[in-house]
Asks: 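Got a structure for you, written out below as structure tokens; questions coming shortly.
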Amino acid sequence: MTNCLFCKIAAGQIPSKKAYEDANAYAFHDINPQAPTHILIIPKQHIGSINDVTDAHEGVLGHLFTVARGLAQDQGLADDGYRLVVNTGANAGQTVFHIHMHLIGGRGMGWPPG
């Protein structure tokens, strides 16, 4: 999608602090971190939100969880815990309509989150 901020980041058109990349996923550090570790994990394929997910997306979305697990281990978060967040829609806080997962950790977190 030509006007999608995250598509442009994944394509290298907008600079980011890359944490991970492969053929299907891209992960980068959030520019407004909410914790000591805050990484966004996105599919390179444009999917607007969870509401746009189809059966054809199962592989790439499952892959995002594998990427998250590896990043959590690499960042030293796996033993103490971390949070994965996917916001869907404006009322949930989604501001960029390209599905993305927040990997947040490095501090204690309360519940409920918000």
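Small disclaimer: the values here were computed from a predicted structure and weren't measured.
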Asks: What are the two closest non-hydrogen atoms of Ala10 and Glu21, and how far apart are they?
Replies: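 Scanning both residues completely, I find the closest heavy atoms to be O-OE2, 4.1 Å.
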Asks: Would you say His98's side chain and Pro43's backbone share a donor-acceptor pair under 3.5 angstrom?
Replies: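 Answer holds: yes.
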Asks: Is the shortest side-chain heavy-atom distance between Val86 and His100 below 4.5 Å?
Replies: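 Not in contact.
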Asks: Any pair with a residue in residues 24-43 that passes side chain to side chain donor-acceptor pair (under 3.5 Å), sequence neighbours left out, goes on the list, sorted by first then second residue, please.
Replies: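 Non-adjacent pairs meeting side chain to side chain donor-acceptor pair (under 3.5 Å): Ser16-Tyr26, Asp30-His38, His38-His102.
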Asks: Which value, rounded to the nearest 0.5 Å, describes the distance between Ile42 atom CD1 and Ile9 atom CD1?
Replies: 6.5 Å
Asks: Applying the 4.5 Å side-chain criterion to the ILVMFWY set and letting contacts propagate, would Leu84 and Leu40 be lumped into a single cluster?
Replies: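 No; tracing contacts between hydrophobic side chains, which count when under 4.5 Å, never links both residues.
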Asks: Once you round to the nearest 0.5 Å, how far does CZ of Phe65 lie from CE of Met101?
Replies: 3.5 Å
Asks: If only atom types and distance count, is the side chain of Lys44 paired as donor or acceptor with the main-chain N or O of Asp22 below 3.5 Å?
Replies: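 Pair found, side chain donor or acceptor close to backbone of Asp22.
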Asks: What side chain to side chain donor-acceptor pair (under 3.5 Å) pairs are there with at least one residue in residues 78-96, not counting sequence neighbours?
Replies: none
Asks: From Leu61 CG over to Gln45 CD, what is the distance, rounded to the nearest 0.5 angstrom?
Replies: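 Output value for this atom pair is 8.5 Å.
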Asks: Mind listing the closest non-hydrogen atom pair of Leu64 and Ala25 along with its distance?
Replies: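 The answer is CD2-CB, 3.9 Å.
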Asks: Out of curiosity, does Tyr20 fall in the hydrophobic cluster containing Val60 (side-chain heavy atoms, cut-off under 4.5 Å, transitive links)?
Replies: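 Linked within one cluster.
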Asks: With a 4.5 Å cut-off on side-chain heavy-atom distances among I, L, V, M, F, W and Y, is there a chain of contacts connecting Val67 to Val53?
Replies: yes
Asks: Give me the atom names and distance for the closest heavy-atom approach of His57 to Ile47.
Replies: CD2-CD1, 3.3 Å
Asks: Minimum heavy-atom separation for Gly105 and Ala35, please, with both atom names.
Replies: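 Looking at all heavy atoms of both residues, the closest pair is O-CB, 3.4 Å.
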Asks: Judged by modelled atom types alone, do His63 and Thr66 share a side-chain donor-acceptor pair under 3.5 Å?
Replies: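 No pair is found: no donor N or O on one side chain lies under 3.5 Å from an acceptor on the other.
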Asks: Please report the shortest heavy-atom distance between Ile99 and Ser49, naming the atom on each side.
Replies: CD1-C, 4.0 Å
Asks: Rounded to the nearest 0.5 Å, how far apart are CZ of Arg69 and CD1 of Ile41?
Replies: 11.5 Å
Asks: Between Gly106 and Leu77, what is the shortest heavy-atom contact and its length?
Replies: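 Minimum heavy-atom separation between Gly106 and Leu77: N-CD2, 3.4 Å.
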